[in-house]
Structures are given as C-alpha cells and as structure tokens.
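All values reported here derive from a predicted model rather than from experimental measurement.
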Amino acid sequence: ELLTYASYLGRPEQDEYYIKRWEKYLPAYIQRLVTSWIGRLFLKSKLGRWVLKKFIEIVPSDRAICASLREWNPDVVIASPSNMKYSEEIEYVKAAKTMGIPTVIAVLSWDNLTTKGLLHETPAATLVWNRAQQAEAVSIHDIPKDMTVVTGAPFLDKWFDDVPVMEEKTFRRLVNIDHDTPFVLYLGSSANIARNESWLVAALASRLARSSHADIKILARAHGGNSGVFEELSMSNVTVWDRSESLPDSRESLMQFAAALRYSVCAVGLNTTAMVDALLMDSPVITLLVPEYADTNASKAVHFSYLLDAGVYLKVKDTDEFMAGLELILEGKDLTQAERKQFKSDFIRPYGMDISAGSVAATAIEMTAKSCPASEIDQIVSKRKDGEEGDLL
C-alpha cells in the first residue's frame, strides 16, 4: 500500500482525492511518517520506490497459497482486478510465478489502472482493453509493453449481444411513470465521486418545471454503492427508481436497465460507468460539468478525461445549458453519435463490433497457458482487425 501511495505522489495530473484515500489504508504511525516532509521526499524519490519494490521482491511467496496451487495444479492462474486495497489475488500471481505456472492479470474496469492500486507483480500477460490502457500499464505500473495484450472490454460485452429489453409498458409500471410521459434518466455516481448529488437532481427538475417541457419527468437511478442518496427527493416531476439489485448483473436487472436507456429521452449524470453503458446502448448522454464539482475527482479523474476528449458526451455547465442540450436531443439533433461510434471502436471493441472482447481474452489466456509470449499473442489477435478470419488458436 505504501508503494501505491508513493506512485500517486508522482502523478500530479491525478486528483488529490486518490492520494488522500490511499493514505487512509496505511497504519496510523505510517501515515504520520509519510505526511512529513522527509517522508514525502523519500517516497517521491527513485531511491524510495526502488527500496519498496526490492522489499516486495525479497518477501517470499505465501506458503499456504503455494500449497493450494500444488494441490490444484492449474495450467494458468488468472487474477482480476488484483490491485484493490489489500488485494490478496496478487499473492497468487507471485506464488504461481515462483512455481513456473503461467499467469494472467485481466483489467476489470475502465478506471482500474488509474484510480486503484499498483500491480505489484508482472504476470506473463496483462490483458488490457485498448491502447490507452496499454500505455497506462506501462507508464503507471511498469508493465513492459511486450507483456500486454489488447483484448477490448470483456466487462462490456453484454451491450453488444442481443440485449434483453423489458417491454416498455412493464418497465413504466415498475418505475411508476405513465405510458405517455417522457422522462430523462439521471444516473447517480458513487459516493467517492459525489456523496449527495440530490440537490443537482432537484435543480434540474426545477428548471424543467419552468420550461416549455414541463411534462418531462426525471427518473433518478442511484449508484449501487450509494443507493439511498435520492430517497428524500419529493418533487412531482422526479421519480426515484427503487432498485432491488446494486448491479445490473442478472438477466432481470439488465433488462430493466436496458429498458431505462431505451425508453428515456437521454441519460444525464456527473461521472459514472453507467454513462458508458448508456453510450454503448446508443443513448445520448449529457454530462454535468457543474462548478460545484469542478475541483473534485468527479470531473478531474484521468479515465473520465478520455471520454470528455473523445466528445461522446454533450457537455453542460449549468441547468440552462442542460435545457439547451435537451432541446437539441428532442429535435433529433444528436451531436455526439459519430463520436460514440468511434469511441466504441477505439476503447471497447478494437477488433470490430462483431468480435467479442471475451473471446479475444479467452484466446489470450489459452495461449498464455501454452507459454506463448504476450507479444506474439498481441500480434496474433491484432490480425483480426486487419480482416484475417479463422480460429485464433
């Protein structure tokens, strides 16, 4: 955890929130040391990071984990995400390497390489979503480029299959919105992005009520990790979606979420993975770059900047700009459609919309198990983009 903390000190482009968060994961006596000027100077230095890395290398693999691996005798060990606080998965990678077992780390989410901990072991193959994540693996985690494989985003494959969508009448009955009432889907963020953004939903609702589109309601969907944030909202044009599951990872919850995206006028929010889901469902997305969150990780997170730079969201700074953007969408002027299509190709499915990232990742894992170098695997799977067909294995 100390080495990860040191890494954050060397990334001035990252919001200070992440430094402070990782500081909390350290024992109190260590916190006092690292926040002193001499402690910070040591951790920022190349010598300090070298000492910490060498210490990690010297510590032997856990004997109980080694015993388990000997018992299971796997062909390959795969860890994901392996860089959260106190991650135990990375110890399996370390043990497997000492035992000569091929290892893989699969990047789980779009922000794992920039907002979580370091990958403290270099596996035989690190599976990244795209070239941007490949650069992050190299620059932040010291993973050699030739030990990475670009696969696309397996986590988001669900939006490219035949997505099951709940029938509109059934969905509207579920969320208590009349069949002829248009609605905007507000996608709440996690607590570390915005602890309580209900004031913002209320402000949007109030602005809608004063407009020529007063018939439009807001369906407020809280983040799964911040579920109670909208419970106190009691405005007539706001409906709070009381979800039974924190993630849309069952067939029923995925059908509901897909329906919300399909039948809404557009999606709107600060910064959440659900906004990426929305653009993959080809839903127009408005992002609220309001001044109240201008100096927080809501707008300054590195992974969010990729989306802003790609132009996939309609960017607004206040409720009046929100109304102007909504007006364009209602008129059928979807200004970000081309950018969404390009983003899907660059960031989510680099080998084509019809080639699932999961199948590419599975191929990479099987080839790693056969001791094929990651550099060769990356070259082989990249040929799919050049039009070569056939079984990758």
Side-chain angles (χ1 to χ4, degrees), residues 76-83 89-90 93 102-119 121-161 273 276-277 279-280 301-307 309-310 312 339-393:
V76 61
V77 169
I78 312 158
S80 183
S82 73
N83 64 333
E89 309 99 286
I90 200 69
V93 175
T103 53
V104 173
I105 290 178
V107 174
L108 176 64
S109 185
W110 64 321
D111 63 343
N112 272 125
L113 295 178
T114 56
T115 68
K116 305 302 186 288
L118 290 181
L119 299 174
E121 293 290 336
T122 299
T126 299
L127 310 187
V128 295
W129 289 12
N130 45 57
R131 297 302 171 189
Q133 281 197 351
Q134 184 181 60
E136 292 168 358
V138 173
S139 63
I140 298 174
H141 300 269
D142 293 331
I143 304 290
K145 184 179 179 181
D146 62 3
M147 297 185 75
T148 64
V149 181
V150 173
T151 65
F155 181 69
L156 297 172
D157 273 348
K158 57 181 177 284
W159 298 115
F160 292 86
D161 300 327
T273 304
V276 179
D277 295 327
L279 68 89
L280 295 182
V302 172
H303 61 283
F304 190 51
S305 68
Y306 294 148
L307 298 161
D309 294 344
V312 295
E339 287 80 1
R340 294 199 302 271
K341 183 178 180 181
Q342 188 64 46
F343 178 80
K344 291 179 187 179
S345 175
D346 293 341
F347 206 83
I348 308 299
R349 282 205 166 177
Y351 303 121
M353 296 301 105
D354 296 330
I355 299 178
S356 76
S359 68
V360 178
T363 295
I365 290 168
E366 290 188 38
M367 295 179 75
T368 301
K370 297 176 181 179
S371 299
C372 183
S375 57
E376 291 185 23
I377 299 171
D378 193 59
Q379 291 177 9
I380 290 169
V381 298
S382 295
K383 291 179 182 178
R384 292 299 284 267
K385 191 167 187 177
D386 298 329
E388 294 191 18
E389 301 297 330
D391 188 346
L392 290 179
L393 286 175

- Side chain Thr148, main chain Lys145, donor-acceptor under 3.5 Å: yes

- Message: Please report the interatomic distance CG(Asp277) to NZ(Lys158), rounded to the nearest 0.5 Å.
- Response: 5.5 Å

- At what distance, to the nearest 0.5 angstrom, does CE of Met353 lie from NZ of Lys341? 9.0 Å

- Query: Is there a donor-acceptor pair closer than 3.5 Å between any side-chain N or O of Trp129 and the backbone N or O of Val107?
  - Reply: yes

- Message: Testing the basics here: between Leu280 and Lys344, what is the closest heavy-atom pair and its distance to 0.1 Å?
- Response: O-NZ, 3.5 Å

- Item | Atom pair CD1 (Ile380) and OG (Ser375), whose distance is rounded to the nearest 0.5 Å | 9.5 Å

- Check Ala361 against Thr151 and note the closest heavy-atom contact, atom names and distance. CA-CG2, 3.9 Å

- Query: Do Ile355 and Arg349 have side chains that get closer than 4.5 Å, going by heavy atoms?
  - Reply: no

- Task: State, with a plain yes or no, whether a side-chain heavy atom of Glu136 is found less than 4.5 Å away from one of Gln133.
- Result: yes

- State, with a plain yes or no, whether a side-chain heavy atom of Ser82 is found less than 4.5 Å away from one of Val93. no

- Minimum heavy-atom distance Asn130-Asp346, with the two atoms named: CB-O, 3.4 Å

- Looking at side-chain heavy atoms only, is the closest gap between Ile365 and Ile78 below 4.5 Å? yes

- Approximate separation, where rounding is to 0.5 Å, of Ile377 CD1 and Glu366 CD: 10.5 Å

- Item | Validation row: Val381, Val150 side chains within 4.5 angstrom (heavy atoms) | no

- Item | Pairwise distance CD(Gln379) to SG(Cys372) - rounded to 0.5 angstrom | 9.5 Å

- Please answer whether the main-chain N or O of Val312 pairs with a side-chain N or O of Glu339 as donor and acceptor at a distance below 3.5 Å. no

- Task: State, with a plain yes or no, whether a side-chain heavy atom of Leu307 is found less than 4.5 Å away from one of Phe343.
- Result: yes

- Message: How close do Leu108 and Asn112 get, counting heavy atoms only, and between which atoms?
- Response: CB-OD1, 3.3 Å

- Message: Less than 4.5 Å apart, side chain to side chain, heavy atoms only: is that true for Val104 and Thr126?
- Response: no

- Expected output: side-chain Asn83 to main-chain Gly117 donor-acceptor under 3.5 Å: yes

- State, to 0.1 Å, how close Leu119 and His141 come at their nearest heavy-atom pair, and which atoms those are. N-ND1, 3.0 Å

- Task: Compare every heavy atom of Thr368 with every heavy atom of Ala125, then report the nearest pair and how far apart it is.
- Result: CB-OG1, 3.6 Å

- Item | Straight-line distance of Asp146 CG to Asp378 CG, nearest 0.5 Å | 10.0 Å

- Item | Phe347 backbone acceptor or donor facing Tyr306 side chain under 3.5 Å | no

- Quick one: does Thr103's side chain get under 4.5 Å of Val76's, heavy atoms only? no

- Query: So, Asp157 side chain and Ala357 main chain: donor-acceptor pair closer than 3.5 Å or not?
  - Reply: yes

- Task: Count the heavy atoms belonging to other residues, nucleotides or ligands that lie under 6.0 Å from CG of Asp354, then report whether that count exceeds 12.
- Result: no

